[in-house]
Number of protein chains: 2
Amino acid sequence: MPEVQKERTKRADAVRNKDAIIDAALTRLSDNPGASMAEIARVAGVGRVTLYGHFADRKDLVGAVFERAMDRAEAELAAVDIEQDTWNSLQEIVQSSWRVLHQFNALLAAAEPYLSADQIRAHHDKPLARVVSVLEKGRSEGIFRTDHSLTWQAACFYAILHSAAAEIRAERLDEVAAAKILPSTIRALLVPPDLPTDKSLH
Amino acid sequence: MPEVQKERTKRADAVRNKDAIIDAALTRLSDNPGASMAEIARVAGVGRVTLYGHFADRKDLVGAVFERAMDRAEAELAAVDIEQDTWNSLQEIVQSSWRVLHQFNALLAAAEPYLSADQIRAHHDKPLARVVSVLEKGRSEGIFRTDHSLTWQAACFYAILHSAAAEIRAERLDEVAAAKILPSTIRALLVPPDLPTDKSLH
DNA sequence: GGTAACCTGAACATCATTGTTTGAGTAGTC
DNA sequence: GACTACTCAAACAATGATGTTCAGGTTACC
């Protein structure tokens, strides 16, 4: 046989623990990027040594957490249909991007010191590409303003999302209200200035 | 004489050093909230012991830095005339808020663990109040949309500003372009939907 | 039910940072 | 030009985090 032998199957409690550790790390690092290994182990309900049994070091753990977060993000964003009516896909992409961001907010700050700029960039670009493609579609249809750069509009898109996450953390906004107000805010950024979107004007 | 005697005047090099330390801390902490005392001293061109001669501990230093930042912010924002035409004062407050934020961005993250929530809130509310008062004025004049809450609009205001700061750091935007694009972006957020601001419509 | 895989707390070495002390040197101030 | 406030590097103790080792104790699995 080739050397792809998966080194035996892991024991059930081992995979369960490893999973719990990643989950705990996801939770804690999203709240505080500097959370200690001890704290993560504690939240995972596991000894500190066990944690180091599964992950060589902090970098290793953060990498795994980052990967899981990105997988979830991808799954969420891939579900959006880009080909439908532009305003609809915008709304959908806002909502799913929102859900993603709301969860894995500060996580990137934890990952930043460990992953290379290229790695982060690569993982960050995939979701961005989906947003940009919707922006481009809207532009080509003439329903989005073009006097602001695509880059800037995409940045604002994420800024507004981040803002909503922060407002929720500060308890000045709840998730239901956020889901409602976000699309109309983003829409305001994209509508051409001084022109109603309603065709009845002309 | 009463006991308000200012314990002799400090020597010139002492005040110069203290000043340099605050400046260095302002710079370094804005870039990295976890910057070490050693690094700050080095940037200030001063021995670590000298730093501790002027500031009892980290908390003391961060407090002084925070205060200086807030003073500058206040001075900058107080220069804006609120009573003029609303769109103009909006533009001016965008630009000065922008200048403030661009400089003292991550600083709040450094101050957060040391200052009480109330202190931060108090210092944060002053600039916010100016923004809100312009928003209220625009609403009462019927030129700003009212279907989004004041709180949310203010949050978006700062989110867009933060976004511009981040874009500049990433070198996807320069300061000149930022000063130009920010007002029109903020304006887009505030204009009532589906209605041109131009009165010629009706 | 036996075996190996896995978990555990306790203890340890290492490292970075904070904050302090000392003792001697330097430079403002009068 | 002398006094003294101030500065400095080096060395110190204290803390807290990381990562490792060890010597049992469980528990999944066949």
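Residue numbers begin at 1 in each chain, while the letters A, B, ... track the order of the sequences.
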Dump every N/O contact between nucleotides 15-18 of chain C and the protein below 3.5 Å, one line per pair.
from	atom 1	to	atom 2	distance (Å)
C:dT18	OP1	B:Met37	N	3.4
C:dT18	OP1	B:Arg58	NE	3.2
C:dT18	OP2	B:Met37	N	3.1

Just the table, please: protein N/O against nucleotides 26-30 of chain D N/O, every pair under 3.5 Å.
from	atom 1	to	atom 2	distance (Å)
D:dT27	O2	A:Arg11	NH1	3.3
D:dC29	OP1	A:Ala12	N	3.1

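Atom C1' of nucleotide C:dC6 and atom CG of A:Leu51 are separated by 14 Å, given to the nearest angstrom. Atom-to-atom, CD of A:Glu39 to P of D:dG16 comes out at 14 Å; the value is rounded to the nearest Å. The CG-C1' distance, from A:Asp19 to C:dC6, rounds to 16 Å in whole Å. Distance A:Ile21 CD1 to D:dG19 P: 14 Å, rounded to the nearest Å. In this structure, CG of A:Asn17 is placed 11 Å from C1' of C:dT8, rounded to the nearest angstrom.
For the OP1/OP2 pair of D:dT7 and a distance below 4.0 Å, the side-chain nitrogens and oxygens of B:His54 include at least one atom meeting the criterion.
Counting heavy atoms from C-beta on, the side chains of A:Arg145 and A:Val191 never come closer than 4.5 Å. Looking only at side-chain heavy atoms (C-beta outward), B:Arg68 and B:Asp71 stay at 4.5 Å or farther from each other. Contact annotation: the side chain of B:Leu61 approaches that of B:Met37 to within less than 4.5 Å [non-hydrogen atoms, C-beta and beyond]. A 4.5 Å side-chain heavy-atom check between B:Asp31 and B:Thr27 finds every atom pair outside the cut-off. Contact check for A:Phe66 versus A:Leu108: side-chain heavy atoms found under the 4.5 Å cut-off. For the pair B:Val131/B:Tyr158, a side-chain contact is recorded, criterion being any heavy-atom separation below 4.5 Å from C-beta on. Between A:Arg72 and A:Leu26, some side-chain heavy-atom pair lies under the 4.5 Å cut-off. When side chains are defined from C-beta on, B:Gln153 counts as touching B:Arg139, because their heavy atoms get closer than 4.5 Å.
The existence of a salt bridge linking A:Lys137 and A:Asp85 is excluded, since no basic side-chain nitrogen approaches an acidic carboxylate oxygen closer than 4.0 Å.
Aromatic pair A:Trp87/A:Phe144: centroids less than 6.0 angstrom apart.
Within 6.0 Å of CD on B:Glu141 lie more than 12 heavy atoms contributed by other residues, nucleotides or ligands.
Rounded to 10°, the angle separating the first-five-pair axis and the last-five-pair axis of the helix from C:dG1-D:dC30 to C:dC30-D:dG1 equals 30°.
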